[in-house]
Amino acid sequence: MVLEKPRILIVEDEWIIANDIKDSLVEMGYRVSGIASSADEALAAAASEGPDLVLMDIVLKGDRDGIDAAREIHERFDIPVIYLTAYVNEYLVEKAKDSEHFGYLVKPFRERELDIAIRMALHKAAKR
Amino acid sequence: MATVPITLILILVTILASGGLFIVFLIGIARIERRLMHSRKKLSDKVREKTRAEAVLRHTLNEKEMLLREIHHRVKNNLQIVSSLLRMQARRCGDEKTRTVLRESLTRIQAMALIHDNFRGADDPLGVSVRKYFQDLAMNLFEIYSVNPEALTLECRFDDISLTIDAATPCGLIVNELMTNALKHAFPYDRRGNITIEFTRRDDEITLRIADDGVGLPEEFTPETSETHGLMLVKNLVENQLGGTLEIRGNGGAEFVIRFREPEYAKRI
């Protein structure tokens, strides 16, 4: 039996960084279901593509941040979310702590860190 | 005329005199109290004024600290975008030589970006923690060059030093070049070994030592005769940027010892 490669949605408002992450994920053997740059786009992509996992940048374009989007994605679709952030801000950490999430990576992260975080999140989500 | 006993007169005079003195004493006390109250009011006005000034200062300081963090964040973000661009280009490049050049440029940019990640903050606004920065830098290179941690080990010895950004930038680039060199050339054919990075301070002299126990350097090696651009970059950064000295030993591995005094922070604006 061949196991399907997990499909990942990238939510990141820097197009270049999003595509760099996409390349890394493909190299690591994952499939990328899409790239979204705002909370609304992320929700639409989660509804239409049904990814296995979402990599969510916390600071996004628009009114809502990644934590708001992650909360809604979890409530509506029960998809595990890993937060990505370049900015370790106490307020954001506290806000993120209250939301259901499966990891928190501070950018710039190494490919290996990303791979481990994804594998652990998928494993944890499968066990629920 | 009735006679009044002299004793009674004396008593009356004493009472009157001491009563007068007492009144004078009370008036004095009241005056002192008034002066004291006036001084206390002036003092509390001054304290209030000082507290207000302190609050304004603290607010300004917080604002400046926030701005400084924001600038570091933005610089880091921009350097990360450049890194992503180079990495994407390297992945799509068919030519190995070009890929190597892109990868080397990528590590140089990341060496600089990491400085902004390791900036210490308000308690040391110009300081970069040597221990954390160079450990991050070395681990980053180990990942980029896909080093097998069982074959090649990293030994770090750091005094508790923080450098100004003016010194941290050239030091970061120097460590980046020398470690890249070691990772590329010192351990061919999966040779096992060790790379050491040391950062020590004695009085105001800082010594940076990077050594490996790999294949060593060619005989009569000098940065000028070296084929790589990296070692000339190291020599120039040591001598021209840090105003320091570079010592190279190539027997039984390679050893680079850099000594410099930390340059004072130079205002740019």
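Note: hydrogens, waters and symmetry copies are ignored here, and every other heavy atom, side chains too, is used. Each chain gets a letter, A, B and so on, in the order the sequences are listed, and its residues count up from 1.
Taking a 6.0 Å sphere around CG of B:Asn148, one finds it holds more than 12 heavy atoms contributed by other residues, nucleotides or ligands. In B:Glu96, the CD atom is crowded: over 12 heavy atoms of neighbouring residues, nucleotides or ligands sit closer than 6.0 Å. In B:Asp95, the CG atom is crowded: over 12 heavy atoms of neighbouring residues, nucleotides or ligands sit closer than 6.0 Å. By the 6.0 Å contact criterion, CE on B:Met232 is enclosed, its count of non-hydrogen atoms from other residues, nucleotides or ligands being greater than 12.
If you take CG on A:Asp20 and CD on B:Gln80, they are separated by 8.0 Å, rounding to the nearest 0.5 Å. Taken from CD in A:Glu111 to CD1 in B:Ile144, the straight-line distance is 9.5 Å, to the nearest 0.5 Å. Rounded to the nearest 0.5 Å, atoms CD1 (B:Ile81) and CD1 (A:Ile16) are 5.5 Å apart. Separating the OG atom in A:Ser24 from the CZ atom in B:Arg91 is a distance of 4.0 Å, to the nearest 0.5 Å.
Between the side chains of A:Arg112 and B:Ser146, no donor N or O sits under 3.5 Å from an acceptor N or O.
Highest contact tally toward chain A, considering only B:Met139, B:Lys76, B:Glu143, is held by B:Glu143 [criterion: heavy-atom pairs under 4.5 Å].
Under 4.0 Å is where a charged nitrogen must lie from a carboxylate oxygen, and between A:Glu27 and B:Arg92 no such pair does.
A:Asp23 places none of its side-chain heavy atoms less than 4.5 Å from the side chain of B:Arg87.
For a residue to count as touching a neighbouring chain, one of its non-hydrogen atoms must lie under 4.5 Å from one of that chain's; by this rule A:Lys22 does not touch chain B.
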